[in-house]
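What's counted below: heavy atoms across the whole structure, side chains too, no hydrogens, waters or symmetry copies. Because the structure is a prediction, the values reported are computed rather than measured.
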Amino acid sequence: MKMATTPQLTTDFSKPIIVVKPSLEFASTPRHCRTSLSLPRFNNITRASSSDSSLVSRRHFVSETAALSLTLTTLPLFGSVQPAKSEEPALSEWEKVSLPIDPGVVLLDIAFVPEDPKHGFLLGTRQTILETKDGGDTWVPRSIPSAEDEDFNYRFNSISFKGKEGWIVGKPAILLHTSDSGNSWERIPLSSQLPGDMVYIKATDEKSAEMVTDEGAIYITSNRGYNWKAAVQETVSATLNRTVSSGISGASYYTGTFNSVNRSPDGNYVAVSSRGNFYLTWEPGQPFWQPHNRTIARRIQNMGWRADGGLWLLVRGGGLYLSKGTGLTEEFEEVPVQSRGFGILDVGYRSKDEAWAAGGSGILLRTTNGGKTWTRDKAADNIAANLYSVKFIDDSTGFVLGNDGVLLRYLG
């Protein structure tokens with residue numbers, strides 16, 4: 001059978017991308033304690049010929065000996081090690097998970113196999129892929145032989161599963177696919193003219209997925225990635241250049257990439273421009289992204305979807321806003337939060353009422369009333385890391401991902 005070749009991409013996204021799919025399977029101090037012992041110094045004790053001087057000497061000797069005994073009792077002996085105290089107090093509802101990775105790795109995404117809820121994968125920078133089979137208690141590294149043979153250090157951005165089928169995308173452009181719950185992975189080649197870097201992928205159905213680039217290209221496949229069809233007709237840069245006269249503040253200074261992108265369960269997208277000047281939305285069936293002015297003075301950090309279908313919005317400097325009502329809107333109201341001046345970077349909903357927000361310098365906030373009020377988990381203040389992402393797999397399984405290889409697991 002003759003194999004199809006990959007056509008060149010154009011700015012017209014209506015033409016499908018045909019890719020050839022070869023198969024490629026996957027084959028990770030004791031502390032010395034010095035104690036400066038200050039002992040009481042004996043005064044000169046000499047023999048006296050008289051009884052009075054002898055009595056004074058004996059009393060002095062007893063006094064000095066008692067002081068020495070007390071000092072030796074209260075101070076540790078040379079070389080002894082005192083019991084170590086925990087540097088990080090236990091979190092009220094989270095525990096820190098030890099990972100077999102370098103401290104400098106930034107964790108980016110996590111997903112579990114629906115048919116095997118204990119089996120999951122964790123992605124990060126520096127070509128990091130970790131695997132767990134006990135629900136996230138322990139993790140082991142997975143390698144990609146094809147990537148190791150190249151002079152690239154991949155940043156794996158996103159992972160998603162539907163049934164036993166899973167997808168991974170990363171930068172530089174790399175797409176991985178599995179149909180056996182991640183036991184083996186195959187690499188799917190992509191055109192070098194793909195607009196932007198792949199930042200998000202969602203497994204939507206059997207053999208089907210949606211893929212998004214940081215330039216706003218959305219592609220859909222329904223045959224395991226053999227070919228992809230564009231869902232929008234142009235990149236965001238082209239849309240803004242065409243509609244810059246429409247009054248979108250900051251559009252003329254647009255740098256051409258997203259800072260963040262999030263998808264709702266029903267397939268709607270919200271994305272933040274790289275400068276935080278404005279945000280964009282897209283609904284299935286729309287030919288272009290729709291830009292929106294921000295109604296808040298501070299620049300936008302991130303946006304996403306609440307469990308009730310509304311939007312949350314984070315601004316730089318630690319502000320949190322909730323949209324009025326549900327669906328897409330430009331009306332937001334601020335919610336007071338105790339961020340201590342550190343930026344809040346992500347929000348994850350465990351249920352319609354309970355959600356957690358995470359941010360810089362170990363900030364963890366919780367709401368139990370749908371976001372109306374938030375309380376800070378002070379036990380997390382000593383975590384020396386920025387917490388970038390909050391992911392709830394279900395109401396009993398959740399994780400917070402951070403830099404320096406920090407992973408928190410929800411205890412409930």
Side-chain angles (χ1 to χ4, degrees), residues 158 160 162 199-205 210 212 216 218 220 231-232 236 239 246-249 258-273 276-316 318-337 339 344-359 365-375 389-398 400 410:
S158 180
S160 180
K162 182 75 172 182
V199 293
Y200 181 81
I201 194 162
K202 175 66 176 179
T204 55
D205 206 345
E210 288 179 5
V212 184
I218 303 176
I220 299 174
V232 293
V236 173
T239 298
S246 63
I248 301 301
S249 176
F258 290 154
N259 182 55
S260 66
V261 59
N262 284 293
R263 183 184 188 274
S264 71
D266 53 1
N268 297 329
Y269 284 90
V270 61
V272 178
S273 68
N277 303 40
F278 55 94
Y279 66 98
L280 307 101
T281 59
W282 181 82
E283 297 178 346
Q286 291 182 335
F288 314 107
W289 284 87
Q290 307 299 314
H292 302 267
N293 280 318
R294 75 180 194 272
T295 58
I296 301 159
R298 286 183 286 176
R299 293 177 183 263
I300 305 172
Q301 177 70 44
N302 194 6
M303 293 181 68
W305 303 90
R306 304 197 305 262
D308 64 0
L311 287 167
W312 52 262
L313 181 151
L314 304 175
V315 297
R316 300 178 185 181
L320 190 154
Y321 293 75
L322 300 179
S323 64
K324 297 180 180 180
T326 60
L328 299 175
T329 179
E330 293 185 0
E331 297 184 8
F332 291 83
E333 54 186 2
E334 186 173 8
V335 179
V337 292
S339 65
I344 303 175
L345 304 177
D346 194 28
V347 176
Y349 276 78
R350 177 175 173 264
S351 65
K352 187 175 181 179
D353 294 325
E354 183 180 346
W356 289 81
L365 304 168
R366 182 194 185 193
T367 180
T368 56
N369 54 15
K372 296 178 182 178
T373 59
W374 296 77
T375 57
S389 180
V390 182
K391 302 282 186 180
F392 277 96
I393 312 303
D394 52 44
D395 60 359
S396 61
T397 307
V400 176
Y410 180 70

Closest non-hydrogen atom pair between [X] and [Y], with its separation:
X	Y	value
Ser389	Asp346	CA-OD2, 3.3 Å
Ile296	Val315	CG2-CG1, 3.9 Å
Gly318	Arg298	N-NH1, 4.3 Å
Ile300	Arg294	CD1-CB, 3.8 Å

With a 4.5 Å heavy-atom cut-off, do [X] and [Y] have their side chains touching?
X	Y	result
Tyr410	Arg350	yes
Glu354	Phe392	no
Ile344	Leu365	yes
Phe288	Val232	no
Val347	Trp356	no
Asn268	Trp282	no
Asn262	Trp305	yes
Val335	Trp374	yes

Side chain [X], main chain [Y], donor-acceptor under 3.5 Å:
X	Y	value
Asn259	Gln301	yes
Thr367	Thr373	yes
Arg316	Arg299	no
Ser160	Lys202	no

Mind checking what makes side-chain hydrogen bond (donor to acceptor under 3.5 Å, both in side chains) contact with Arg306, not counting sequence neighbours?
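Per chain and number, Arg306 pairs via side-chain hydrogen bond (donor to acceptor under 3.5 Å, both in side chains) with Asp308, Ser323.
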
With sequence neighbours excluded, tell me which residues meet side-chain contact (heavy atoms from CB on, under 4.5 Å) with Ser396.
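Ser396 satisfies side-chain contact (heavy atoms from CB on, under 4.5 Å) with Asp394 only.
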
Side chain to side chain contact (heavy atoms under 4.5 Å, CB included) between Arg263 and Tyr200, worked out
CA-CA 9 Å; Arg263 183 184 188 274; Tyr200 181 81; 3.5 Å; yes

[atom2] on [Y] to [atom1] on [X], rounded to 0.5 Å:
X	Y	atom1	atom2	result
Thr204	Ile220	OG1	CD1	7.5 Å
Met303	Leu280	CE	CG	10.0 Å
Asp266	Glu283	CG	CD	8.5 Å
Trp312	Tyr349	CH2	OH	9.0 Å
Glu331	Leu311	CD	CG	12.0 Å
Ser273	His292	OG	NE2	12.5 Å

Between Ser351 and Asp353, a side-chain donor and acceptor under 3.5 Å:
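No, no side-chain donor-acceptor pair sits under 3.5 Å.
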
Parallel, tilted or perpendicular: which fits the ring planes of Trp289 and Phe258, with parallel below 30° and perpendicular above 60°?
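The rings of Trp289 and Phe258 stand perpendicular, inter-plane angle above 60°.
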
Stepwise side chain to side chain contact (heavy atoms under 4.5 Å, CB included) test for Tyr269 and Thr281
CA-CA 5 Å; Tyr269 284 90; Thr281 59; over 6 Å; no

Between Gln290 and Tyr279, is a side-chain hydrogen bond (donor to acceptor under 3.5 Å, both in side chains) present by the stated rule, with each step listed?
CA-CA 9 Å; Gln290 307 299 314; Tyr279 66 98; over 6 Å; no

